[in-house]
Amino acid sequence: MKIKDIIKKQTTVIAIAVILVVVAAIGLSYSVFFAVKKNSSNQVITAGTLQLTVADISALTLSSPITNTEGLTSRAVSYTVKNTNSNLPAAYTIYIYADSSNTLDVSKIKVSLDGNASAGSTFKALNSIASETITLKDGTTTRTGYKIGSGTIAAGGSEATKYIRVWVDEDLITDELVNKKVSLYLHIVSEVQE
């Protein structure tokens, strides 16, 4: 009887050890295949063989509010979403969000998502674009993300280059501008389509 109890305990210990080793191996495998890299002009998200690239982002600097006409013809920020180094299609959604250092009311920030500025171009206040709560890469910080694009890209595919124009409404009174800062970022969420 005692031998059976000893064998049961050893079997249980071995089973638990095997489970812990399997969990550790899965966690290590995922951490080896997952990476997020960024620099000032390219954002790369990699998970396994999936790689979405938001390329050719250039910083936009505004020194003063401008008219809507000037905003629609201002220099655009361009980006291209690619599904490179992948053998799977991927769905993505891109958001603009205001960082915690942003001190200007987002209703005063104007955005145009039209490709080329023209007489028929449209614009909106940032806060009038469809929004969702997004979780940033630290996993705990949330922001209001304004959805500016989404789609599904085939393996090895690429979306057409898109353009965003952002400006501050010139109708602001001086008191609304004193000591204010605009701090906006792009945030991309993607998932593999199996």
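Residue indices begin at 1 and follow the sequence shown.
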Point-to-point distance, once rounded to the nearest 0.5 Å, from NZ of Lys147 to CD1 of Ile96: 13.5 Å
Between NZ on residue Lys162 and CD1 on residue Ile94, distance to nearest 0.5 Å: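 Result: 6.5 Å between the selected atoms.
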Worked check of side chain to side chain contact (heavy atoms under 4.5 Å, CB included) between Thr141 and Thr135: CA-CA 6 Å; Thr141 305; Thr135 302; over 6 Å; no
Donor-acceptor pair, side chain of Thr73 and main chain of Thr69, under 3.5 angstrom: yes
Flag, side chain of Ser112 to backbone of Thr122, donor-acceptor distance under 3.5 Å: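 Such a contact is found between Ser112 side chain and Thr122 backbone.
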Closest contact, heavy atoms only, [X] versus [Y]:
| X | Y | result |
| --- | --- | --- |
| Thr152 | Pro89 | CG2-CB, 4.5 Å |
| Asp138 | Thr140 | OD1-N, 2.9 Å |
| Thr144 | Tyr97 | O-CB, 3.4 Å |
| Ala98 | Val106 | CB-CG1, 4.1 Å |

Geometric class of the His187/Tyr95 ring pair [parallel <30°, tilted 30-60°, perpendicular >60°]: tilted
Side chain proximity check, Asn102 to Ile109, heavy atoms < 4.5 angstrom: yes
Stepwise side chain to side chain contact (heavy atoms under 4.5 Å, CB included) check, Trp167 with Thr67: CA-CA 9 Å; Trp167 66 95; Thr67 67; over 6 Å; no
Pair Thr93-Ile134, side chain to side chain contact (heavy atoms under 4.5 Å, CB included): steps then yes or no: CA-CA 11 Å; Thr93 305; Ile134 58 173; over 6 Å; no
Working for side chain to side chain contact (heavy atoms under 4.5 Å, CB included), residues Leu186 and Ile188: CA-CA 7 Å; Leu186 287 181; Ile188 186 167; over 6 Å; no
